[in-house]
Amino acid sequence: MTQPQDLGLRSQASAIASGELDPGDLLQGTLSRLGERDGRLNSIPVRFPERSLEMLEDAPSGPLHGVPIAIKDMYTLPWRGMFNGTAHELLPPGESGMYRLLRDAGAVIIGVTNQHYLGMGTTGIASAYGPAANPWHLDHCAGGSSGGSAAAVGARLVAGSIGSDTGGSSRLPAAYCGVVGLKLTFGGVPRGGYLGQNSQLSAPGIFGRDSGDVRLLTEAVLRRRLPAGSGSGLRVGLVRTPYWDNIDPEVESACQTAIDATGWKRVDVLIEGTEHAQAAGAVLSGSALGSSFNAAVVREAEPLTRALIHEMLLWPATLIPRADRIRAQLRRSVARAFADCDVMAWPTSPAPAPPISSPILQLPDGTVPADPANLRQATLANLTGLPGLSAPVGLSSAGLPIGLQFHAPWGAEAALLDAAEHLETVTERQHVDAVPPIGREVTVR
Amino acid sequence: MSDDFESFAKAGLPLQGVELEDGDLDVLKLLHAVLSPSIDALKAADLSSIAAELDLDPSRAPHEG
């Protein structure tokens, strides 16, 4: 028989609501599974069983009543400050906006997920907790910066988790780990107690195994219904340059095959300003960093993160208004583009997850570091404020997941979820129901 | 160019309270080589025809449409 922690988020919530599942059993089962399977995966390094039990005992009725949820190290909790993947408490304990939303929905926070140090990387290999591993191959990256949140869902340790996304930090690990990851529209959730509260690029991320689970969790944190609609008749915008350029052939093929399967009308879309989007994103991201670290945090960072901070400190402030102009250009351009399409689509990451020991990508134009290549694919949503979603669309020949990302107009999370649900239907759920080896391990009792 | 950047980094970072450690400059120069082309392109771009979005609200579409 399926163990309750194998159920998806909707099934867990409905089984608890109907009385078929004791949430106390689910909590204990989830904690046991973490103890059994999260060793090398290292996705949820901080756990507090007593606090989780207290949350369960006090949990109000709500859409997530009794359901365990993991949360990224960028949000404060009443009993734990925000560490942001470092060894230092960067914000003191307290009720972050995200904590309140989860609590009020009846959720039980089961632990804090691993993440890239200071959120400044797309691989998840640098963290005070050690690297987060990929559930499909433990020698490969989970992604970043919300790598633990994606890996925990992919490995079937939890059915839902919370991350954040300042430069693809939810969509990229979702693609690497074979789960659905949604970046919310900017500003949809109260930002208190959240590291990204000073950033105009950052938004929370929602992880689940499929679009239905992500819809449920997103409705809870947005406190509004996202009614399911038909995703069958959409017009999909393809931004060929730069987002379909220099893509790993297996990734390009899987993404193209997925779009073919949807039957959507395709529209070629040109977005003005993309040639400077990556630089603009880096400049604006760097301009908001000052409040999020101190000298000790920089000193203890691994060399590449330290170098990135040093590099950003050397950029002239005159770049900021230039980056703002690029952002304005991009926002106007995507607003115009959505007159001709309902969603835009391109590969989430240009290649599957690289090895932890060597986070570089082999792309058609040559070998490149993972971070800049990933950021090229991701930054548009952060600069514009758009919601974005990554959905699994297959496995590479090495057995690593491939993700396709969609973007929709501001506030149109429901359209993204409709698109992902349609994709799941036409692919007979083969990608969202695929379980990595670590998720198939049999628990001996 | 690389020497110019090294001098700039050695002079500029201590002014911001950063003490460079052994090996920091080598990694910084490597990273700078990756990032500087796009940053330099942003510095040099003619953006005079792009109006700023003065009332930016990233949660919504721009007013200008």
Side-chain angles (χ1 to χ4, degrees), chain A residues 184-188 200-203 272-273 275-280 282-283 295 298-299 302-316 318-319 321-336 338-339 368-369 371-372 376 382-386 409-411, chain B:
Chain A
L184 300 179
T185 302
F186 176 87
Q200 290 184 320
L201 308 182
S202 191
E272 297 170 338
E275 69 273 26
H276 296 302
Q278 201 167 333
V283 167
V298 178
R299 195 167 52 245
E302 50 80 39
L304 192 58
T305 303
R306 200 161 59 238
L308 181 55
I309 293 169
H310 293 161
E311 170 79 8
M312 288 174 161
L313 287 172
L314 292 169
W315 289 342
T318 51
L319 280 172
R322 300 183 73 78
D324 271 332
R325 297 255 174 160
I326 298 299
R327 170 163 50 185
Q329 183 182 33
L330 291 165
R331 281 171 47 78
R332 293 186 188 109
S333 189
V334 296
R336 285 193 296 269
F338 280 124
V368 294
D371 281 343
R376 185 195 73 169
N382 305 96
L383 279 169
T384 57
L386 294 177
W410 295 264
Chain B
M1 182 65 181
S2 180
D3 287 345
D4 287 348
F5 175 72
E6 182 171 337
S7 300
F8 178 56
K10 281 181 174 175
L13 288 171
L15 290 175
Q16 304 196 53
V18 174
E19 294 178 16
L20 291 172
E21 299 176 9
D22 289 346
D24 274 350
L25 268 177
D26 292 336
V27 182
L28 179 57
K29 284 193 288 188
L30 287 172
L31 182 71
H32 182 72
V34 173
L35 297 182
S36 61
S38 62
I39 293 295
D40 289 345
L42 178 60
K43 283 180 188 171
D46 178 3
L47 308 180
S48 57
S49 65
I50 304 171
E53 190 179 358
L54 298 177
D55 53 353
L56 173 70
D57 177 357
S59 70
R60 300 176 184 278
H63 290 307
E64 295 90 343

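To find a chain, count down the sequence lines: A is the first, B the second, and so on, and within it residues start at 1.
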- For A/I326, is it the side chain, the backbone, both, or neither that has a heavy atom closer than 4.5 Å to a heavy atom of chain B? side chain

- Item | Contacting moiety of B/L15, where chain A heavy atoms sit under 4.5 Å | neither

- Task: Please look at B/L56 and chain A and tell me whether the side chain, the backbone, both or neither of the residue comes under 4.5 angstrom of a heavy atom of that chain.
- Result: side chain

- B/L35 CG to A/M312 CE distance, which is reported to the nearest 0.5 Å: 8.0 Å

- Find the distance between CZ (A/R327) and CD1 (B/I50) and round it off to the nearest 0.5 Å. 13.5 Å

- So, the side chain of B/E6 versus the backbone of B/K29: is there a donor-acceptor pair under 3.5 Å, distance only? no

- Under a 4.5 Å heavy-atom cut-off, does chain B meet the side chain of A/Q329, its backbone, both or neither? both

- Note on the structure: Comparing B/A9, B/S36, B/A45, B/G23 against chain A, the one with the most heavy-atom pairs below 4.5 Å turns out to be B/A45

- Between CD1 on residue A/I309 and CZ on residue A/R299, distance to nearest 0.5 Å: 12.0 Å

- Do the side chains of A/E272 and A/R336 get nearer than 4.5 Å, heavy atoms only? yes

- dist A/H310:NE2 -> A/R306:CZ (nearest 0.5 Å) comes out at 6.5 Å

- Task: With a 4.5 angstrom heavy-atom cut-off, could you sort out which part of A/P303 is near chain B: side chain, backbone, both or neither?
- Result: both

- Query: Side chain, backbone, both or neither: which part of B/E19 has an atom under 4.5 Å from a heavy atom of chain A?
  - Reply: neither

- Query: Is there a donor-acceptor pair closer than 3.5 Å between any side-chain N or O of A/W410 and the backbone N or O of A/T384?
  - Reply: yes

- Task: Please flag which part of B/L25 lies under 4.5 Å from any non-hydrogen atom of chain A: side chain, backbone, both or neither.
- Result: neither

- Query: Pick from A/D324, A/V334, A/T185, A/L319: which one has the most heavy-atom pairs with chain B under 4.5 Å?
  - Reply: A/L319

- Name the region of A/P316, side chain, backbone, both or neither, that has any atom closer than 4.5 Å to a heavy atom of chain B. side chain

- Message: Under a 4.5 Å cutoff for heavy-atom pairs, which residue among B/V34, B/L47, B/L28, B/L42 has the most contacts with chain A?
- Response: B/L42

- Check whether B/V18 gets within reach of chain A through its side chain, its backbone, both or neither, counting any heavy atom under 4.5 Å. side chain

- Item | B/P62 and B/E53, any side-chain heavy atoms less than 4.5 Å apart | yes

